[in-house]
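Excluded from the calculations below are hydrogen atoms, water molecules and symmetry mates; all remaining heavy atoms, backbone and side chain alike, are included. Because the structure is predicted, anything quoted here is derived from the model rather than measured.
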Amino acid sequence: QVQLVESGGGLVQAGGSLRLSCAASGRTFSSYAMGWFRQAPGKEREFVAAISRTGGRIYYADSVKGRFTISRDNAKNTVYLQMNSLKPEDTAVYYCALDFAGLARATEREYDYWGQGTQVTVSS
């Protein structure tokens, strides 16, 4: 009965920043690994970032490494994606996902629950 709700998407100029949030309604949030994926129109969903249960393991796609930062606040049952130096190719619907295994993994099929997504559009 886990529900994930993304927020924070919007319009931004290239080079700008945006912070996405994903709030989980389920309990024992700290037991789950969380990931961010994105899907551009007409494209397949791709991995962006993931963080383990305790935050000890973090992984990023090469395309966002050095620009994006994933973090979590277990007290708020929320995972964040801070996106800096945004590029037009970052334009996509961003989804957060929950993995009961508690690992930070890059494969979409490993995740058990998904949010509805939030649109990020980068102009210029």
Side-chain angles (χ1 to χ4, degrees):
Q1 54 183 14
V2 175
Q3 287 188 239
L4 305 175
V5 180
E6 302 95 336
S7 62
L11 301 173
V12 65
Q13 295 276 0
S17 298
L18 211 57
R19 188 179 75 158
L20 306 184
S21 299
C22 175
S25 63
R27 297 184 179 128
T28 63
F29 177 78
S30 62
S31 297
Y32 315 141
M34 300 294 296
W36 285 98
F37 293 77
R38 67 187 183 186
Q39 186 170 26
K43 305 294 184 180
E44 295 184 352
R45 193 173 299 182
E46 65 176 351
F47 169 76
V48 176
I51 185 168
S52 63
R53 290 164 35 243
T54 63
R57 294 183 180 183
I58 295 175
Y59 299 98
Y60 298 99
D62 289 341
S63 59
V64 306
K65 194 172 299 181
R67 300 187 298 120
F68 291 11
T69 302
I70 188 171
S71 62
R72 64 190 300 158
D73 186 340
N74 289 341
K76 294 183 177 180
N77 294 334
T78 301
V79 63
Y80 304 95
L81 185 68
Q82 178 67 47
M83 305 183 293
N84 298 325
S85 301
L86 283 162
K87 305 174 180 179
E89 53 260 45
D90 295 319
T91 295
V93 176
Y94 283 70
Y95 300 88
C96 71
L98 181 151
D99 179 7
F100 282 120
L103 304 175
R105 298 185 286 187
T107 306
E108 179 178 348
R109 64 181 298 170
E110 301 291 347
Y111 290 82
D112 302 291
Y113 287 90
W114 294 81
Q116 296 300 120
T118 185
Q119 177 70 48
V120 172
T121 302
V122 184
S123 63
S124 296

Undergrad: Nearest 0.5 Å please: distance from the CD atom of Gln116 over to the SG atom of Cys22.
TA: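 That separation rounds to 11.0 Å.
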Undergrad: Which other residues belong to the hydrophobic cluster containing Tyr111, where Ile, Leu, Val, Met, Phe, Trp and Tyr are joined when side-chain heavy atoms lie under 4.5 Å apart, directly or via other members?
TA: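 Direct or chained contacts put Tyr111 with Phe37, Phe47, Tyr59, Val93, Tyr95, Trp114.
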Undergrad: Hey, is the main chain of Ala61 close enough, under 3.5 Å, to the side chain of Ser63 for a donor-acceptor pair?
TA: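 Side chain of Ser63 to backbone of Ala61, a donor-acceptor pair under 3.5 Å: no, none is there.
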Undergrad: Measuring from atom CG of Leu4 to atom OG of Ser25, what distance do you get when rounded to the nearest 0.5 angstrom?
TA: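 Result: 7.0 Å between the selected atoms.
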Undergrad: Which of parallel (below 30°), tilted (30 to 60°) and perpendicular (above 60°) describes Phe100 and Tyr32?
TA: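 If you compare the ring of Phe100 with that of Tyr32, the planes turn out perpendicular.
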Undergrad: The criterion is salt bridge (Lys or Arg N to Asp or Glu O under 4.0 Å); which residues satisfy it with Asp99, sequence neighbours excluded?
TA: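 Counting only residues at least two positions away or on another chain, Asp99 forms a salt bridge (Lys or Arg N to Asp or Glu O under 4.0 Å) with Arg105.
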Undergrad: Sequence neighbours left out, what passes side-chain contact (heavy atoms from CB on, under 4.5 Å) with Lys43? Give chain and number order.
TA: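 Here the qualifying residues are Ala40.
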Undergrad: Who pairs with Thr121 by side chain to side chain donor-acceptor pair (under 3.5 Å), at least two apart in sequence or on another chain?
TA: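 Once residues adjacent in sequence are excluded, the partners of Thr121 under the side chain to side chain donor-acceptor pair (under 3.5 Å) criterion are Gln119.
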Undergrad: Atom CE in Met34, atom CG in Asn77: separation rounded to 0.5 Å?
TA: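 The distance works out to 9.5 Å.
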Undergrad: Mark yes or no for whether Thr91, through its side chain, and Val122, through its backbone, hold a donor-acceptor pair below 3.5 Å.
TA: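 Pair found, side chain donor or acceptor close to backbone of Val122.
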Undergrad: Specify the closest pair of heavy atoms between Gly9 and Thr118, including all atoms of both residues, with the distance to one decimal.
TA: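 Smallest heavy-atom distance, with atoms named: N-OG1, 3.2 Å.
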Undergrad: According to salt bridge (Lys or Arg N to Asp or Glu O under 4.0 Å), who are the partners of Arg19, at least two apart in sequence or on a separate chain?
TA: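 In terms of salt bridge (Lys or Arg N to Asp or Glu O under 4.0 Å), with neighbours along the sequence ignored, Arg19 is linked to no residue.
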Undergrad: Are the side chains of Phe68 and Asn84 in touch, meaning some heavy atoms are under 4.5 Å apart?
TA: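 No, their side chains stay 4.5 Å or more apart.
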Undergrad: Would you indicate whether the side-chain heavy atoms of Leu103 and Ser52 approach each other to under 4.5 Å?
TA: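 Ser52 does not reach Leu103 side chain to side chain.
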Undergrad: Can you check whether Trp36 reaches Ile51 side chain to side chain, under 4.5 Å on heavy atoms?
TA: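 In short, these two side chains do not touch, never coming nearer than 4.5 Å.
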Undergrad: Treating Ile, Leu, Val, Met, Phe, Trp and Tyr as nodes and any side-chain heavy-atom pair under 4.5 angstrom as an edge, say whether Leu98 and Ile58 lie in one connected cluster.
TA: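 Yes, because Leu98 and Ile58 connect within a single hydrophobic cluster, where side-chain heavy atoms sit under 4.5 Å apart.
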Undergrad: Exactly one of Gln82, Met83, Lys87 should register a side-chain contact (heavy atoms from CB on, under 4.5 Å) with Arg67. Which one does?
TA: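 So the option named by the test is Lys87.
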Undergrad: Taking the side chain as every heavy atom from C-beta outward, state whether Tyr80 and Ile70 have any pair of such atoms under 4.5 Å apart.
TA: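 Answer no - side chains too far apart.
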Undergrad: Tell me the closest heavy-atom pair linking Ser85 and Ser17, and the distance in Å.
TA: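 Closest approach of Ser85 to Ser17: N-OG, 4.3 Å.
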Undergrad: Using a cut-off of 6.0 Å, state whether more than 12 heavy atoms not belonging to Glu44 lie near its atom CD.
TA: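 Incorrect, the count does not exceed 12.
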Undergrad: Please list all pairs meeting side chain to side chain donor-acceptor pair (under 3.5 Å) that have one or both residues in residues 2-14, counting only residues at least two apart or in different chains.
TA: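 The answer is Gln13-Ser123, Gln13-Ser124.
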Undergrad: How about Leu20 and Arg38: do any of their side-chain heavy atoms sit closer than 4.5 Å?
TA: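 Counting from C-beta outward, Leu20 and Arg38 never come under 4.5 Å.
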